[in-house]
J.: 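I have a structure here, written as structure tokens, and I will follow up with some questions on it.
Because the structure is predicted, anything quoted here is derived from the model rather than measured. Heavy-atom basis, side chains included; hydrogens, waters and symmetry copies ignored.
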Amino acid sequence: QVQLVESGGGSVQGGGSLRLSCAASEYTYNRACMGWFRQASGKEREGVAAIHRASSTSYADSVKGRFTISKDNAKNTLYLQMNSLKPEDTAMYYCAAVRWSYGACGNLQRSSDFSYWGQGTQVTVSS
């Protein structure tokens, strides 16, 4: 069963922090790669961060040093810790997973690599 449920979004002032969570079904959590994407109003969806089931990570240049992706295997939960938030981080944030269970992680620049998606959680950063 495929299930991804995001939470933790909200409104915060610039410079603040938020932690997003994505609760996954066991099937979805055990895919080879999970990631976070975001889509601002009027813009295309963009990859933010990804984590392989072996725990290697990748980040978009725009969030390196500010965001951290992690997972809790005991809870089947994916996280995105976001620090030093900027107004340009305002977007709907989506949790996603690839369809395959072994192999390379999906390409963050190609959202089509990720087949399973949550419903999204809104993050709004004010200046």
J.: Within the side chain of Q109, is there an N or O that forms a donor-acceptor pair under 3.5 Å with the backbone of G47?
T.: no
J.: If I compare all heavy atoms of S84 with all of S17, which pair ends up nearest, and what's the gap?
T.: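 For S84 versus S17, the nearest heavy atoms are N-OG, 4.3 Å.
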J.: Please enumerate all residues that pass salt bridge (charged side-chain N to carboxylate O under 4.0 Å, His left out) together with E88, with sequence neighbours excluded.
T.: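 With sequence neighbours excluded, E88 shows a salt bridge (charged side-chain N to carboxylate O under 4.0 Å, His left out) to no residue whatsoever.
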J.: Provide the full list of salt bridge (Lys or Arg N to Asp or Glu O under 4.0 Å) pairs with a residue in residues 113-127, sequence neighbours left out, each pair given once.
T.: R110-D113
J.: What distance separates M92 CE from S41 OG, expressed to the nearest 0.5 Å?
T.: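 Going from CE on M92 over to OG on S41, the span is 10.0 Å.
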J.: Can you give me the closest heavy-atom contact between R53 and R31, atom names plus distance?
T.: CB-O, 3.9 Å
J.: Does any N or O in the side chain of T28 come within less than 3.5 Å of the main-chain N or O of Q3, such that one atom is a donor and the other an acceptor?
T.: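 Yes.
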J.: To the nearest 0.5 angstrom, please state how far the CD atom of Q81 sits from the CZ atom of R66.
T.: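 One finds 12.0 Å between CD of Q81 and CZ of R66.
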J.: Nearest heavy-atom pair of N73 and N76: which atoms, and what distance?
T.: O-OD1, 3.4 Å
J.: Rounded to the nearest 0.5 Å, how far does CD of Q13 lie from OG of S127?
T.: 9.0 Å
J.: Can you name the nearest heavy-atom pair linking A91 to R38, along with the distance?
T.: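 Result for this residue pair: CB-CB, 3.8 Å.
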J.: Only counting residues at least two apart or in another chain, list the ones meeting side-chain hydrogen bond (donor to acceptor under 3.5 Å, both in side chains) with S7.
T.: none
J.: Does K64 reach the main-chain N or O of S58 with its side chain, forming a donor-acceptor pair under 3.5 Å?
T.: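 Answer holds: no.
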J.: Nearest 0.5 Å, please: how far is CD in E46 from CG in L108?
T.: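 The distance works out to 10.0 Å.
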J.: So R45 and F114, do their side chains get closer than 4.5 Å, heavy atoms only?
T.: no
J.: Kindly give the heavy-atom pair with the smallest separation between K71 and H52, and that separation in Å.
T.: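 Taking every non-hydrogen atom into account, NZ-O, 3.2 Å.
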J.: Tell me, yes or no, whether the heavy-atom count around Q119 atom CD, taken from other residues, nucleotides or ligands under 6.0 Å, exceeds 12.
T.: yes
J.: Tracing side-chain links under 4.5 Å among I, L, V, M, F, W and Y, which residues wind up in one group with L18?
T.: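 So far as hydrophobic clustering goes, L18 is joined with V2, L4, V12, L20, Y27, Y29, M34, W36, V48, I51, Y59, V63, F67, I69, L78, L80, M82, L85, Y93, Y116, V123, V125.
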J.: What pair of heavy atoms forms the shortest contact from S115 to R99, and how long is it?
T.: OG-NH1, 3.2 Å
J.: Tell me, please, which residues at least two apart from K43 pass salt bridge (charged side-chain N to carboxylate O under 4.0 Å, His left out).
T.: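 Checked K43 against salt bridge (charged side-chain N to carboxylate O under 4.0 Å, His left out); zero matches.
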J.: With sequence neighbours left out, which residue pairs that include part of residues 83-127 fulfil the disulfide bond (SG atoms under 2.5 Å apart) condition?
T.: C22-C95, C33-C105
